[in-house]
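First comes the structure, then the notes that go with it.
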Number of protein chains: 2
Amino acid sequence: MSHTFYDGQEKLLVATDCIIFGFDDNTIKLLLFERKVDPLAGEWSLIGSFVRAKEDASHAAARVLEEYTGLQNVYMEELGCFGEAGRDPGARVLSIAYSALIRIGEYDVDLVERHGAKWFDYDQIPSLVLDHNKMVDIAIQKLRRKAKYQPLGFALLPEKFTIPQLQILYECIYQRPLDKRNFRRKILSMNILEKLDEKDKLGSKKGAFLYKFDPEKYHSLAQKGILFEI
Amino acid sequence: MSHTFYDGQEKLLVATDCIIFGFDDNTIKLLLFERKVDPLAGEWSLIGSFVRAKEDASHAAARVLEEYTGLQNVYMEELGCFGEAGRDPGARVLSIAYSALIRIGEYDVDLVERHGAKWFDYDQIPSLVLDHNKMVDIAIQKLRRKAKYQPLGFALLPEKFTIPQLQILYECIYQRPLDKRNFRRKILSMNILEKLDEKDKLGSKKGAFLYKFDPEKYHSLAQKGILFEI
DNA sequence: CCAAAAGTGTTATCGCTACACCCATGA
DNA sequence: TCATGGGTGTAGCGATAACACTTTTGG
């Protein structure tokens with residue numbers, strides 16, 4: 001292919017930015033980083049990375065997530081393209097935003113600290129560089145919307161969790177209290193949880209049964225398209 | 001800014017591809033084009049364009065849509081990023097896919113023909129270049145899902161339309177028959193249609209009343225977040 | 001006058017919501 | 001023994017789904 005219509009076309013810097021959600025202390029949190037490079041060094045920012053010429057875009061997002069948190073195989077989802085010509089005053093950079101759900105407690109604390117990161121409550125996000133606040137807003141909206149139709153949120157909890165913990169998570173996402181009887185009935189009726197014999201005694205004296213998420217049943221359900229309004 | 005961390009990063013070709021939906025003859029159709037350039041010249045393809053250095057990504061999509069159909073201000077929506085390194089054998093091209101809903105009958109027929117375009121029933125899409133079939137599949141899935149929660153589909157009908165026409169459109173999208181009494185009740189209860197005094201007598205002897213879509217009421221509803229299962 | 005599509009109400013069922021009390025246990 | 005959170009059932013209501021006949025009119 002000596003010369004093709006590709007020749008002479010303008011190329012762009014392409015980045016990924018990653019909105020990292022976690023759940024701890026009964027609140028949803030976002031992991032933000034202090035930007036190290038000029039312009040805007042020292043300000044809060046999402047983590048991002050340029051997409052390399054021989055790298056899938058999604059790989060760039062996963063690569064930087066691992067670099068900053070030590071985590072692999074994280075649940076990530078594309079949020080969309082931020083492609084305005086003037087969005088980055090430093091250069092023309094098109095960015096693909098991804099959102100990731102991680103289990104707080106599984107990431108590499110040292111590594112994260114070394115990168116100048118901090119968890120923020122998701123209703124107390126500081127001012128971020130570029131259009132990152134817009135990305136975060138869209139990610140939160142999407143999380144809320146999606147939670148209605150898919151039992152995500154499992155990606156935010158530890159492997160074993162109790163029904164009350166799961167309920168608190170959903171209450172955070174929806175920002176409203178849920179009835180515990182209805183919640184329990186609804187979740188259990190989906191048949192995607194496996195009840196364990198252990199109890200978690202940290203949350204109460206009586207102790208609550210631990211459950212784990214049955215990936216097989218979940219996937220078969222997810223493919224049929226779930227209706228999951230809580 | 002003499003040198004920044006942007007310097008020395010690899011740049012990519014970035015394209016947009018556009019899935020164009022139309023509704024005619026009681027079926028949903030897609031507008032496809034014969035690819036003019038090598039590699040793969042002569043095969044069916046979506047229309048696309050490279051994003052220029054000083055151009056918003058969404059603008060590139062709108063620009064090429066206008067160039068090929070003559071239409072401006074079309075309802076377009078981002079579908080997602082297709083960013084695998086090997087997706088285009090000719091070069092490393094990252095593509096942002098957009099889907100557009102247009103009113104068949106409003107586009108510039110000559111212009112479209114000159115570009116070697118043809119409408120295809122959406123369940124009879126031919127083999128397309130690169131990963132365009134995958135883009136089309138995702139676009140169709142998304143159209144179905146979205147139609148449940150937002151009264152789009154209005155963008156596919158002429159300005160004035162009848163309830164039975166609207167119902168046929170939804171039957172196409174869902175691929176199943178709907179009860180006309182329930183459909184009419186549901187649609188009218190949303191209060192986003194304005195009944196006109198005219199009738200459309202083409203579809204039947206009796207004639208069906210024409211309606212038009214009340215943009216004001218629609219937008220106020222759309223912002224609250226609609227629940228629109230039919 | 002008849003074929004063909006438009007238009008119209010009612011009933012049964014299902015799913016969601018709201019709601020209050022007992023249980024188990026550690027301190 | 002008591003304070004704390006875990007766990008359970010039911011009744012009312014609203015939304016959905018199923019269903020058949022009358023109306024209009026061009027040919």
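The sequence lines fix the lettering, A, B, ..., with proteins before strands; numbering per chain opens at 1.
- Sorted by first and then second residue, the side chain to side chain donor-acceptor pair (under 3.5 Å) pairs with a member in residues 156-169 of chain A read A:K160-A:E198, A:Q167-A:E171; sequence neighbours excluded.
- For A:F120, the ring pair (Phe, Tyr, Trp, His ring centres under 6.0 Å) partners two or more places apart in sequence, or in a different chain, are A:W44.
- Atom CZ of A:R184 is separated from atom C1' of D:dG6 by 7 Å (rounded to the nearest Å).
- What separates CG of A:L188 from P of D:dG9 is a distance of 12 Å, to the nearest Å.
- Summarising the geometry, the separation between CG on B:D200 and C1' on C:dG7 is reported as 15 Å, rounded to the nearest angstrom.
- With sequence neighbours left out, the side-chain contact (heavy atoms from CB on, under 4.5 Å) criterion links B:N133 to B:I125, B:S127, B:L128.
- To the nearest angstrom, P of C:dG7 lies 20 Å from NZ of B:K186.
- Following rounding to the nearest Å, A:F161 (CZ) and D:dG6 (P) show an atom-to-atom distance of 15 Å.
- Scored by the ring pair (Phe, Tyr, Trp, His ring centres under 6.0 Å) test, B:Y122 finds no partners at all (sequence neighbours excluded).
- Between B:R184 and B:P164, some side-chain heavy-atom pair lies under the 4.5 Å cut-off.
- Rounded to whole Å, the distance from CD on A:E198 to C1' on D:dG6 is 17 Å.
- For the pair A:Q165 CD and D:dG7 C1', the interatomic distance rounds to 16 Å; values are reported in whole Å.
- A:R103 pairs by the salt bridge (Lys or Arg N to Asp or Glu O under 4.0 Å) definition with A:E106, not counting sequence neighbours.
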Query raised in the report: Once each nucleotide of nucleotides 18-27 of chain C is scored for protein heavy atoms under 4.0 Å, what B/S/- sequence comes out, 5' to 3'?
Result: BBB--BBBB-
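- In this structure, B:L202 atom CG and C:dA4 atom C1' are separated by 15 Å, rounded to whole Å.
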